[in-house]
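Everything below concerns the one structure shown next.
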Amino acid sequence: MFENLSERLSGVFDRLTKQGALSEEDVKTALREVRVALLEADVSLPVARDFVKAVQEKATGQAVTKSITPGQQVVKIVHDALIDVLKGEGEPGTLKVDNPPASVLMVGLQGSGKTTTTAKLAKRLKEKDGKRVLMASLDVNRPAAMEQLAILGAQIGVDTLPIIAGQDPVAIAKRAKTQAGLGGYDVYMLDTAGRLSIDEELMQQVEAVRDVASPRETLLVVDGLTGQDAVHTAQNFDERIGISGVVLTRMDGDGRGGAALSMRAVTGKPIKFVGLGEKMDALETFEPDRVAGRILG
Ligand code: GDP
């Protein structure tokens, strides 16, 4: 579908005069192509612009290596710079869940894959880290969502907090915390309600739950196929709630993963995991180099 960046750049450099170093003009011309490639990969415009500017400063004046073409050289510089932005602090794929019972707060918009990801992470914590996990759904407006978590819990062998009709999210969070302590659980995961878009009521609700649970991790679940929207969502949740990391879902789809770069650049928060399908095992540690390759096409 897309012409990849290497092909594009070799075309560009074929038209330029060969020199001993990458001139400002060469780099500028090449980076116009890079910018288009980033936008096609769904990177948001301001992030693409800043990124290209930073790369321009880095690339100008670099000696052209004999063994590779100038096009390949710019691709390498861009690739390395992408990895620099995508890499967060800490080990990707790890969660701070020591000192039981540790809470993990799952936040995000409706349909982002929050409930599925909650269960996937619970399964991973149980199987990889040997943790005893309790999951609770706080989505009081959608009984089907609460049922969904219970069904997934049964499927993966992870306990869910019994559903009591009529309780509000804060009451459920308190009950989960108490139950986690009494029941000897290492981790309790709170699957908060989502909305189709961010609204004040949702934010107040999540804030109240956060204050009760004092989460060790607050993970924002975002659909990796949404470009610019993902950035707004991440910015909003981070400003109001304070997130500790991001899980990007639907990375098994056609998307090029530009949302990863945008969110990392805008929030500075690490992307910890990626969702790669509907199945309970379809969750992987975020790999910056793989996503960088995908963004470049
Ligand atoms: P929530 O409303 O945010 O809780 O979203 P759900 O967890 O109910 O997920 C919505 C739909 O997306 C479900 O059909 C999931 O199976 C699907 N889904 C979740 N994560 C992924 C993923 O990584 N890849 C794909 N292809 N589908 C996913």
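For ligands, and for the atoms within them, numbers begin at 1 and follow the listed sequence.
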For residues 141-158, tabulate all N or O donor-acceptor pairs below 3.5 Å that involve a side-chain atom, not counting sequence neighbours.
from, atom 1, to, atom 2, distance (Å)
Arg142, NE, Asp139, OD2, 3.1
Arg142, NH2, Asp139, OD2, 3.2

Is [X] touching ligand 1 with its side chain, its backbone, both, or neither, if touching means heavy atoms under 4.0 Å apart?
X: Asp252; answer: side chain
X: Met280; answer: neither
X: Val221; answer: neither
X: Arg142; answer: side chain

For ligand 1, is there an N or O atom under 3.5 Å from any N or O atom of [X]?
X: Ser112; result: yes
X: Thr117; result: no
X: Ala282; result: no
X: Met251; result: no
X: Lys114; result: yes

From Gln148, Arg250, Glu284, Lys279 - option closest to atom 17 (C) of ligand 1 by heavy atom: Arg250
Options Gly108, Gly277, Gly113, ranked by nearest heavy atom to atom 9 (O) of ligand 1, top entry: Gly113
Using a strict 4.0 Å threshold on nitrogen-to-oxygen distance, state whether [X] and [Y] make a salt bridge.
X: Asp191; Y: Lys114; result: yes
X: Lys123; Y: Asp281; result: yes
X: Asp223; Y: Arg250; result: yes

Polar side-chain atom of Thr267 near backbone of Met263 as donor-acceptor pair, under 3.5 Å: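 Judged by distance alone, yes, a pair lies under 3.5 Å.
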Exercise: do Glu200 and Gln204 side chains pair donor with acceptor under 3.5 Å: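 Note: Glu200 and Gln204 side chains meet the donor-acceptor criterion.
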Euclidean distance, Tyr188 OH relative to Arg132 CZ, rounded to 0.5 Å: 15.0 Å
